[in-house]
Amino acid sequence: HFLKILSYLLENKEVAGKNAIEYFKDKIEDEDLLAQMERAAQVDTEVILFNIDAKSPMSGKFQKDTLLKIFLKVFYDHQGFYGDSPGIANMEKYLSSQGKYKKFKEEYKKSSGFDWVEDRRTFYFKRDHVVKALSAATGMSEEAAKEWHQHGSKEFNMDIEGLAREIREYLDSKGPDTRLIFLVDEVGQYIGEDSTLMLNLQTIAEELGSQCQGRAWI
């Protein structure tokens, strides 16, 4: 509950016609605390709030890269990409960076009759439609699009350094004053006594600190 309230304050979302900070102005007696809250609410902040166990992959938490997969998933989801499949999300990210994502979605609907965002979970069963849409949107040959569909989407790899770099690039695209906050519910219980998971979380935090210079936090 505390994390949820904090997420509203940091993003200063509008709720029922008022920004979140407005709900606290007559409830906080400590003027210094209220001033800090108001200052934090003025910063351009994006928040990714999630329960870590709910985002854990089906393979469980006992793989070395589990935390990396979770953070990558929620980061892609936050951008509107398909976080359940980083390979597909990476394709969407590339198309978006080239200004061709909208065209791809239009071509996919023209070919399949379905909306891409609603239908992308069936990506591997809709090869012909994906290939046609990719080819039409990017100008690549259908043969190249087939090759990517068969291999590229499955052979996507990412390490913690790469994740931090993607987050830095995302923040750079938003402007120097934007911040990104990961609010991770139940992370202590999820990690428990697993030193590998603890080390991975520490490494993610350190890489974000190193590459993003205080603009991304966990």
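Just so it is clear, the model here is predicted, and its values are computed rather than measured. Computed from heavy atoms alone, side chains included, the values below leave out hydrogens, waters and symmetry copies.
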Using 0.5 Å steps for rounding, measure from the [atom1] atom of [X] to the [atom2] atom of [Y].
X      : Y      : atom1 : atom2 : result
Leu183 : Ile5   : CG    : CD1   : 12.0 Å
Asp177 : Thr45  : CG    : OG1   : 10.0 Å
Ile52  : Lys55  : CD1   : NZ    : 11.5 Å
Asp44  : Glu11  : CG    : CD    : 9.5 Å
Asn200 : Ser195 : CG    : OG    : 9.5 Å
Phe125 : Thr122 : CZ    : OG1   : 8.0 Å

What I'd like to find out is whether the side chain of [X] reaches to under 4.5 Å of the side chain of [Y], using heavy atoms alone.
X      : Y      : result
Met37  : Ile21  : yes
Arg179 : Glu46  : no
Met91  : Leu134 : yes
Arg168 : Arg215 : yes
Val130 : Tyr124 : no
Glu106 : Trp116 : no
Phe75  : Tyr170 : yes
Asp84  : Phe123 : no

With no hydrogens and no angle check, is any side-chain donor or acceptor of [X] less than 3.5 Å from a backbone partner on [Y]?
X      : Y      : value
Ser141 : Ala144 : yes
Asn51  : Ala54  : yes
Asn19  : Glu22  : no
Ser210 : Leu208 : no
Asn12  : Ala20  : yes
Glu92  : Tyr101 : no
Ser56  : Asp53  : no

Could you state whether [X] and [Y] fall into the same hydrophobic cluster, counting links through intermediate Ile, Leu, Val, Met, Phe, Trp or Tyr residues with side-chain heavy atoms under 4.5 angstrom apart?
X      : Y      : value
Ile204 : Leu49  : no
Ile167 : Ile48  : yes
Val74  : Ile181 : no
Leu72  : Tyr190 : yes
Phe71  : Met198 : yes

Identify the heavy atoms of [X] and [Y] that sit nearest to each other, and give their distance.
X      : Y      : value
Cys212 : Ala164 : SG-O, 4.0 Å
Ala137 : Lys100 : O-CD, 3.4 Å
Leu68  : Met158 : CD2-O, 3.1 Å
Arg165 : Gln211 : CA-OE1, 3.3 Å

Please step through side-chain contact (heavy atoms from CB on, under 4.5 Å) for the pair Arg121 and Tyr82, ending with a clear verdict.
-> CA-CA 8 Å; Arg121 65 186 182 280; Tyr82 190 45; 3.3 Å; yes

May I ask you to decide whether Asp77 forms a salt bridge with Lys73, counting only side-chain N to carboxylate O separations under 4.0 Å?
->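 Yes, Asp77 and Lys73 are salt-bridged.
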
Determine, for Glu38 against Lys25, whether the closest basic-nitrogen to carboxylate-oxygen distance falls under 4.0 angstrom.
->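 Here Glu38 pairs with Lys25 in a salt bridge, since their nearest N and O are under 4.0 Å apart.
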
Please check if the distance between the ring centroids of Phe182 and Trp217 is under 6.0 Å.
->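 No, ring centres 6.0 Å or more apart.
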
Indicate whether any N or O donor in one side chain lies under 3.5 Å from an N or O acceptor in the other, for [X] and [Y].
X      : Y      : result
Glu166 : Tyr76  : yes
Gln202 : Glu206 : yes
His129 : Ser111 : yes

Mark yes or no: Lys93 above the aromatic ring of Phe81, with NZ or CZ under 6.0 Å from the six-membered ring centre and no more than 45 degrees from the axis.
->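 No, Lys93 and Phe81 do not form such a contact.
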
Cation-aromatic face contact Lys110/Tyr108, 6.0 Å, 45 degrees =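 Not flagged: Lys110 not positioned over aromatic ring of Tyr108.
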
Should the heavy atoms of other residues, nucleotides or ligands under 6.0 Å from [atom1] of [X] be counted, would the total exceed 12?
X      : atom1 : result
Lys109 : NZ    : no
Lys4   : NZ    : no
Tyr23  : OH    : yes

